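Since the structure comes first, as structure tokens, the remarks are kept for the end.
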There are 2 protein chains.
Amino acid sequence: MQALTERQETILALIIHQYIDAAQPVGSKWLVDKYHLGVSPATVRNEMASMTEAGFLRQPHTSAGRIPTEKGYRFFVRSLLGETELPANEKRLISHQFHQARGDVDEWGRLAAAVLARHSRVASLVTTPHADRAIFKHLELINTRGNQVLMVLVLMGGDVRQQLLALTSTFEQAELSQTAQKLTNAAQNKSVKGVARLVEEFDGLAAEILLLVAGVMARVDGLAAGEVVRDGLTNFLGEPEFADTTSAREALRLFEERSFLDEVLAEVLEPASVGAVQVIIGGEGYWKELEKCSIVLARYGAPGLATGALGVLGPTRMAYGRTISAVRYVAGLMSDLVIESFEGQGTGRLAQ
Amino acid sequence: MQALTERQETILALIIHQYIDAAQPVGSKWLVDKYHLGVSPATVRNEMASMTEAGFLRQPHTSAGRIPTEKGYRFFVRSLLGETELPANEKRLISHQFHQARGDVDEWGRLAAAVLARHSRVASLVTTPHADRAIFKHLELINTRGNQVLMVLVLMGGDVRQQLLALTSTFEQAELSQTAQKLTNAAQNKSVKGVARLVEEFDGLAAEILLLVAGVMARVDGLAAGEVVRDGLTNFLGEPEFADTTSAREALRLFEERSFLDEVLAEVLEPASVGAVQVIIGGEGYWKELEKCSIVLARYGAPGLATGALGVLGPTRMAYGRTISAVRYVAGLMSDLVIESFEGQGTGRLAQ
DNA sequence: TTTAGCACTCTCGTGCAGAGAGTGCTAAAA
DNA sequence: TTTTAGCACTCTCTGCACGAGAGTGCTAAA
């Protein structure tokens, strides 16, 4: 790839800014008039032509202005955007909201999704924290009636699974509680394998329960992420690129589909990549359903203990600066929450 | 409202059927040709004119066919549709799916939403079971590290809330477990008030925890419904009435907004109305954002113990027969699951 | 009460012309 | 060598006219 001159970079950045703002091809004269470039439209045209040649820009048709290509966006995001940060007052506002919801574990994901949707102005997506491997933490057995028992299984990292069991005979709550406590002590901090091995050391009710616990844990082990919370779907439909409903549908289908999310997370986010913000522009030629879309996402949490992912999905024509900084900041806050709750100490971002 | 003749009812029903199918105004000649009515187009035209006069039909413009008005749809649903049922083989299929997911409480809502979306071909919405009033069932305290404690509170009806506590001093897990058990025994089956009253009987850690429990329960008490699961968003966008994105946005915004759901549930569904399927057509003049939409919904569960709501949101031009029967059937299955798990006996629909 | 006939109305697709915006190219200026 | 002015060219978009098609309402006859 040939390098761009400084002036070309300036022009590219201006075109991208302008196009993100107005969703219309940007012409040379217009650009010169608006930004007082100090050169003539003809000069700008020459530069544009050469960048079109190089693949950073394209023309929807012969006599229209230029719009950025995916390559253009990528170059912009990687080389021209620099490290962006949210304004301090917005940070304070968000931090304050998170601080208030600090204790309410169920609320974290929803809040993060809402904040992301508002600041990025596109659709957001947050998975709840989820341990990379299922580690037993706590078990509770609750008698409902007859031989139905509600089993509440708490795993390390905050996963809570409810499971309804139909036992072969009825038990008193006292007996169930005793069993649960016994098993909690025995299985504490064990993995799926550990719990499975434990089955042989017990018999009767305890063994029966342990087997089910191991089963549930095995299912959790296989999941790439926890619950998914979505927000800002309507932001999506406002964008002109989705004025024709079929493309909006394509994108929304992916957004809705759990399997796609799992695929992206597996493909893009190394489990250990907490902190780094990934930008996928136009599906990177890999997901053709995402031709018109970009994804900005990051992992958050405490690697090895519990992590989750969060990000946004929007048109390629996205305000990358604002979005990336929002994703980075919210991921940081979520990491703090997770770390604070499972390790007892955070980086202190929330405390400010 | 003047009564319709039998022939008028037939014609109205045919027009609605046809319009639901093709989304195009229905003309007199077309109708006679397709359904071999045995009368001439002119006769049908006369009937159409009189029903237009009476407000059951309307014309998009002078020389177009007729389409149903909201009043027409309402009359159709109330008087002409009759009791519809899903085909037996579809019922079997659905029942089988639910049977398989029987134990997995977390999965119920997702499954119901998926089934509804598939069968109604519009967007579906399911709230998880939720007790009308918060009743204490079980408490668990889990030491994480430092003075952070994860409190898992199980309420009657299946609500499980996680709350993170920062205690004033650190405690051993054994001590926490003991306290949790003590409190579980004392607060068993108590309401918010009961738990609040209990605070005075304890001191130290126990009292501190109880206060927080009462707080969480009070918050749950105020909620109209549990978690919301959505599905089938993309079905929505396929419909021609949402080809222009702004109307799709309107509808989707409502669909996404929790507060609107709460409002509808409060307004439309009496807590005791389990089993009855409600149909809201065109917002009933009350919600003007729903002008082009209809909602079909029902409450499910065990009244007084735990209930939830489920339903679909789609264009007024909706296959009411199929949708209503799907909603009714799924609501029945969900009721069975809830009743079975909290009362130990269902109506047996699942067992078949 | 029903029906045939007919004039009328409205939408939709197509073709066409003109305005507007922007480009590429060439030749002159810096 | 780089920049700029000038100009012809291309393409989209809008408005307009026109005809085909579909459906209606009305009138008068069966």
Side-chain angles (χ1 to χ4, degrees), chain A residues 2-12 14-16 18-19 21-69 72 240-241 243-244, chain B residues 2-12 14-16 18-19 21-69 72 240-241 243-244:
Chain A
Q2 79 197 74
L4 296 181
T5 66
E6 204 168 313
R7 187 169 67 191
Q8 284 177 326
E9 290 186 351
T10 310
I11 291 173
L12 179 59
L14 287 178
I15 289 175
I16 290 180
Q18 181 53 36
Y19 183 66
D21 200 51
Q24 299 247 303
V26 182
S28 56
K29 181 166 181 305
W30 199 97
L31 209 57
V32 170
D33 285 0
K34 167 134 185 188
Y35 293 104
H36 313 292
L37 290 184
V39 291
S40 76
T43 309
V44 174
R45 273 208 292 282
N46 285 333
E47 301 290 30
M48 281 172 157
S50 111
M51 284 193 287
T52 305
E53 180 81 12
F56 293 98
L57 296 174
R58 67 190 179 85
Q59 289 178 284
H61 53 87
T62 344
S63 75
R66 300 303 207 286
I67 62 181
T69 60
E241 27 271 276
D244 122 62
Chain B
Q2 78 197 75
L4 297 181
T5 66
E6 205 167 315
R7 187 168 67 191
Q8 284 177 324
E9 290 185 351
T10 310
I11 291 173
L12 179 59
L14 287 177
I15 290 175
I16 291 180
Q18 181 53 35
Y19 183 66
D21 200 51
Q24 299 249 304
V26 182
S28 55
K29 180 162 184 308
W30 199 97
L31 210 56
V32 171
D33 286 358
K34 167 134 184 187
Y35 292 104
H36 312 292
L37 289 186
V39 291
S40 76
T43 309
V44 174
R45 271 207 293 283
N46 284 332
E47 302 289 32
M48 281 172 158
S50 112
M51 284 193 287
T52 305
E53 181 82 12
F56 294 97
L57 296 174
R58 65 190 180 86
Q59 290 179 282
H61 53 87
T62 343
S63 75
R66 300 305 207 286
I67 61 180
T69 60
E241 27 271 275
D244 124 61

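Every chain is numbered from 1, with letters handed out A, B, ... down the list of sequences. In this text the structure is predicted, and so the values were computed from the model without any measurement.
A:E241 pairs by the side-chain hydrogen bond (donor to acceptor under 3.5 Å, both in side chains) definition with A:R317, not counting sequence neighbours. A search for side-chain hydrogen bond (donor to acceptor under 3.5 Å, both in side chains) contacts involving A:Q59 returns nothing, not counting sequence neighbours. Take B:T52 and apply the side-chain hydrogen bond (donor to acceptor under 3.5 Å, both in side chains) test, not counting sequence neighbours, and it matches B:R66. Applying the side chain to side chain contact (heavy atoms under 4.5 Å, CB included) criterion to A:H36, with sequence neighbours excluded, gives no partner residue. Contacts of A:E9 classified as side chain to side chain contact (heavy atoms under 4.5 Å, CB included), with partners at least two apart in sequence or in another chain: A:L4, A:F75, A:L80. Under the rule for a salt bridge (charged side-chain N to carboxylate O under 4.0 Å, His left out), the partners of B:D33 that lie at least two apart in sequence or sit in another chain are B:K29. With sequence neighbours left out, B:A243 forms a side chain to side chain contact (heavy atoms under 4.5 Å, CB included) with A:T245. The side chain to side chain contact (heavy atoms under 4.5 Å, CB included) test applied to A:R7 returns A:T5, A:I11, A:V39, A:T43, A:E47, not counting sequence neighbours.
Annotation: the span from A:I67 atom CD1 to A:L57 atom CG amounts to 9.0 Å, rounded to 0.5 Å.
At D:dT4, one or more side-chain N or O atoms of A:T43 fall inside 4.0 Å of OP1 or OP2 (strictly under the cut-off).
Rotation axes derived from the C1' atoms of the five outermost pairs at either end of the helix from C:dT1-D:dA30 to C:dA30-D:dT1 lie 30° apart, to the nearest 10°.
In plain terms, the two heavy atoms of A:G65 and A:P60 that are nearest each other are O-CD, 3.4 Å.
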| message | Each nucleotide in nucleotides 7-26 of chain C should get exactly one letter: B, S or -. Can you fill that in based on protein heavy atoms under 4.0 Å? | response | --BBS---------BBBB--
Below 3.5 Å between N/O atoms, which protein atoms pair up with nucleotides 13-20 of chain D? Just atom names and distances, please.
none

